[in-house]
Every structure is written in structure tokens, then in C-alpha cells.
Engineer: 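First the structure, which I've put down as C-alpha cells, then a few questions once you've had a look.
Below, chain A is the first sequence line, B the second, and so on; all start at residue 1.
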Number of protein chains: 2
Amino acid sequence: MGQTNPPFMSGIPELLLLRLLAQRDMYGYELVRSIRLITGEAIILGEGVIYPVLHALERSGALKATRKAVDGRTRVYYRMTAAGRKRLSRLQGEWQRIQSGLNMALDPETDVPT
Amino acid sequence: MGQTNPPFMSGIPELLLLRLLAQRDMYGYELVRSIRLITGEAIILGEGVIYPVLHALERSGALKATRKAVDGRTRVYYRMTAAGRKRLSRLQGEWQRIQSGLNMALDPETDVPT
DNA sequence: AACTATACCTCGCAGCACTAGGTATATCAA
DNA sequence: TTGATATACCTAGTGCTGCGAGGTATAGTT
């Protein structure tokens with residue numbers, strides 16, 4: 001019945017997309033490439049991950065999609081909305097919190113309390 | 001039908017446990033508390049997460065369990081094995097890679113390549 | 001004609017983390 | 001003594017995320 005909290009380490013694909021789209025409008029296929037490149041192959045998210053997230057972000061009003069024809073191919077460009085910027089800063093905060101907790105715990109200097 | 005890769009952001013509970021047990025032997029309930037405390041409440045993993053992971057780590061030979069009676073209660077202490085230390089450094093490497101990629105991508109200084 | 005790259009899409013699944021329950025003993029307050 | 005809280009262990013079931021694998025279509029290259 002009741003809705004469950006999402007796993008504590010999820011939503012990173014969403015965060016990455018919003019972060020990239022904060023800089024400029026991009027289309028799905030381009031975002032897939034960019035994430036691979038910008039992370040030096042450390043993070044590779046396939047189209048099967050990216051497209052559904054983009055659709056969800058559009059449905060929720062965080063992004064606005066615009067179809068554009070280029071060289072006979074159709075690209076769907078995404079532009080961040082005000083709601084998207086809000087969502088981004090929220091996710092960034094959450095992630096920063098998790099990350100600093102994680103670094104605390106993983107830091108070899110930190111010793112485990114009794 | 002082959003085996004699928006695990007999601008790219010998973011295995012953090014395992015990593016945390018191994019990291020804590022690298023310092024000293026601990027028991028399950030204690031590990032639950034420690035993770036909550038050491039991360040300043042940023043990461044809270046319940047017993048439903050911790051115990052199954054501990055059992056899996058024991059089965060795989062990364063940990064060795066020892067039952068110890070204290071005050072009429074039974075505690076199961078876990079000690080890291082050589083295999084566990086190997087597993088830890090492997091996970092640490094993987095995580096560091098992911099994390100630096102992530103920081104690259106999320107850093108506002110980084111600009112998205114064309 | 002075959003192959004690669006671009007560019008979009010979605011179904012179905014695996015596996016992870018989580019919730020929600022269960023057992024049992026010790027301690028302390030009402 | 002009854003109830004509540006803390007300690008300490010455990011597992012069955014499930015929601016959801018991310019993923020793989022496939023599909024469509026056009027353009028360019030071999």
C-alpha cells in the first residue's frame with residue numbers, strides 16, 4: 001500500500017541530466033554522449049536510462065521539449081524550466097548531504113566511535 | 001541469459017560495512033548505529049539492509065562470524081578476512097572512479113563539451 | 001548491399017534497498 | 001506485574017530504479 005521511499009542512492013541520472021541542461025539546451029542522444037565523455041567513461045548511461053528519465057522530467061514540468069529537424073533527422077531538444085532549476089538545486093542539496101556523510105564514513109582518518 | 005551488471009550506483013552498504021570492519025570487529029546492531037552516527041544521520045541503513053549484506057559477505061568469505069554471549073544477549077561479531085580486505089580495496093577503487101566522474105560532471109566549473 | 005552512426009523509442013527484467021513484520025532477553029517506570 | 005523501551009538477532013515480500021535488448025528510421029561510408 002503505502003508508498004515507499006526510494007533507495008537512498010538513486011536519482012543520479014536525473015541529477016546529471018538537470019545539471020547538463022542547466023548550461024544549455026541539448027537533445028537525448030547528445031546527453032548520452034556527453035555524460036560518457038564528461039565523466040571520462042566512469043559513468044555510462046545508455047539510452048534505455050536517459051530517455052525514460054527525460055520523459056518523466058518533461059511530464060513533471062521540469063523540462064520543456066521542442067522537436068527540431070536537422071539534416072533530415074528529428075531531434076528533441078530539452079530546455080530547463082523554472083521548476084527544473086528548483087528541482088536541480090533540491091537534488092544537489094540532497095546529494096551533497098549524502099556525499100559528505102559518505103566521505104566522513106569512508107575517510108580512513110575518521111575512526112569508528114565506540 | 002546471462003548475468004546482468006548491477007546498477008552503477010549500488011553496493012554502498014557493502015562498502016560501508018567493509019570499511020568499518022576494517023578498523024575493528026563489530027556486530028550487526030552496532031554497525032547499524034555506527035553508520036547512522038558516523039555520517040551524521042545523512043545515511044541511515046536499517047537492520048533490514050545490514051543483516052542480509054552481512055550474511056552475503058560471510059557466505060562469500062569476506063567476513064568471518066563469531067557468536068559471543070554478552071549480558072545474556074547473543075551478539076554476532078564479524079571479522080574481516082584477507083578476501084574481505086581485497087574486496088574492500090576493489091570496491092573503494094570502483095567507488096572513487098564513479099565519484100570523481102560524478103564530481104567532474106557536477107562541478108559548475110566544468111563546461112559541457114560540444 | 002552491407003555496415004556504421006545518428007536519433008528516437010519502449011517492454012520486460014534483475015537486483016537492490018527498503019518496509020514491515022517476527023523472536024527473545026534485559027532494564028526501568030508506573 | 002505489567003508495560004514500554006532498548007538491545008540484538010532474523011527474513012519474507014515488495015517497490016522501484018536502472019539496465020539490457022530490442023525496434024524504427026534516415027544518412028553516410030565501404
Engineer: Minimum heavy-atom separation for A:L18 to A:M80, with atom names?
Structural biologist: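 That would be O-CE, 3.2 Å.
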
Engineer: Return the value, rounded to whole Å, for the distance between atom CE of B:M9 and atom P of D:dC19.
Structural biologist: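 To the nearest whole Å, that distance equals 10 Å.
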
Engineer: Would B:E30 and B:R24 pass as an ion pair if we require N to O under 4.0 Å?
Structural biologist: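 Between B:R24 and B:E30 there is a salt bridge, with a charged N closer than 4.0 Å to a carboxylate O.
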
Engineer: Does a side-chain N or O from A:N5 land closer than 4.0 Å to OP1 or OP2 of C:dA17, or not?
Structural biologist: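 Indeed not, no polar side-chain atom of A:N5 lies that close.
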
Engineer: Would you say the side-chain atoms of A:T74 pair up with the backbone N or O of A:A69, donor to acceptor, closer than 3.5 Å?
Structural biologist: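 A pair under 3.5 Å: no.
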
Engineer: With side-chain contact (heavy atoms from CB on, under 4.5 Å) as the test, would you mind laying out the steps for B:L54 and B:L17 before giving the verdict?
Structural biologist: CA-CA 8 Å; B:L54 285 173; B:L17 291 179; 3.9 Å; yes

Engineer: Between D:dT17 atom P and A:L91 atom CG, what is the distance in whole Å?
Structural biologist: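 So the CG-P distance, A:L91 to D:dT17, works out to 12 Å.
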
Engineer: Kindly indicate, with the supporting measurements, whether the criterion side-chain contact (heavy atoms from CB on, under 4.5 Å) is fulfilled by A:R75 and A:Y77.
Structural biologist: CA-CA 6 Å; A:R75 292 176 178 171; A:Y77 278 87; 3.2 Å; yes

Engineer: Quick one: A:L17 CG to D:dT17 C1', roughly how many Å, whole number?
Structural biologist: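 A:L17 atom CG is separated from D:dT17 atom C1' by 14 Å.
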
Engineer: Counting the atoms with a prime plus P, OP1 and OP2 as sugar-phosphate, which does B:P52 contact under 4.0 Å by heavy atoms, base, sugar-phosphate, or nothing?
Structural biologist: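 Since a base atom lies under 4.0 Å of B:P52, the category is base.
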
Engineer: Rounded to the Å, how far apart are B:F8 CZ and C:dC16 C1'?
Structural biologist: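 Result: 14 Å.
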
Engineer: Linking I/L/V/M/F/W/Y whenever their side-chain heavy atoms sit closer than 4.5 Å, directly or via other members, would B:M104 and B:V112 fall into one cluster?
Structural biologist: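 No, it is not one cluster - the side chains of B:M104 and B:V112 are not joined through contacts under 4.5 Å.
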
Engineer: Which of residues 23-50 of chain B have a heavy atom under 4.0 Å from DNA chain C?
Structural biologist: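 Here the set is B:L45, B:G48, B:V49.
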
Engineer: How many whole angstroms separate atom OH of B:Y51 from atom C1' of C:dT23?
Structural biologist: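 B:Y51 atom OH is separated from C:dT23 atom C1' by 12 Å.
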
Engineer: Measure from CD1 on A:I12 to P on D:dC19 and round the result to the nearest Å.
Structural biologist: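 Rounded to the whole Å, the gap is 11 Å.
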
Engineer: More than 12 non-hydrogen atoms from neighbouring residues, nucleotides or ligands closer than 6.0 Å to CD on A:Q96, yes or no?
Structural biologist: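 At most 12 heavy atoms, drawn from other residues, nucleotides or ligands, come within 6.0 Å of this atom.
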
Engineer: Looking at A:L102, A:N103, A:L106, which one forms a side chain to side chain contact (heavy atoms under 4.5 Å, CB included) with B:Q99?
Structural biologist: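 For B:Q99, the side chain to side chain contact (heavy atoms under 4.5 Å, CB included) test succeeds with only one of A:L102, A:N103, A:L106, which is A:N103.
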
Engineer: As a quick check of understanding, evaluate side-chain contact (heavy atoms from CB on, under 4.5 Å) for A:F8 and B:L45, giving each step before the final call.
Structural biologist: CA-CA 9 Å; A:F8 83 107; B:L45 299 175; 3.9 Å; yes

Engineer: Expected output is a numbered-order residue list: members of residues 53-78 of chain A with a heavy atom under 4.0 Å from any atom of DNA chain C. What is it?
Structural biologist: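 Output list: A:H55, A:R73, A:T74, A:R75, A:V76.
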
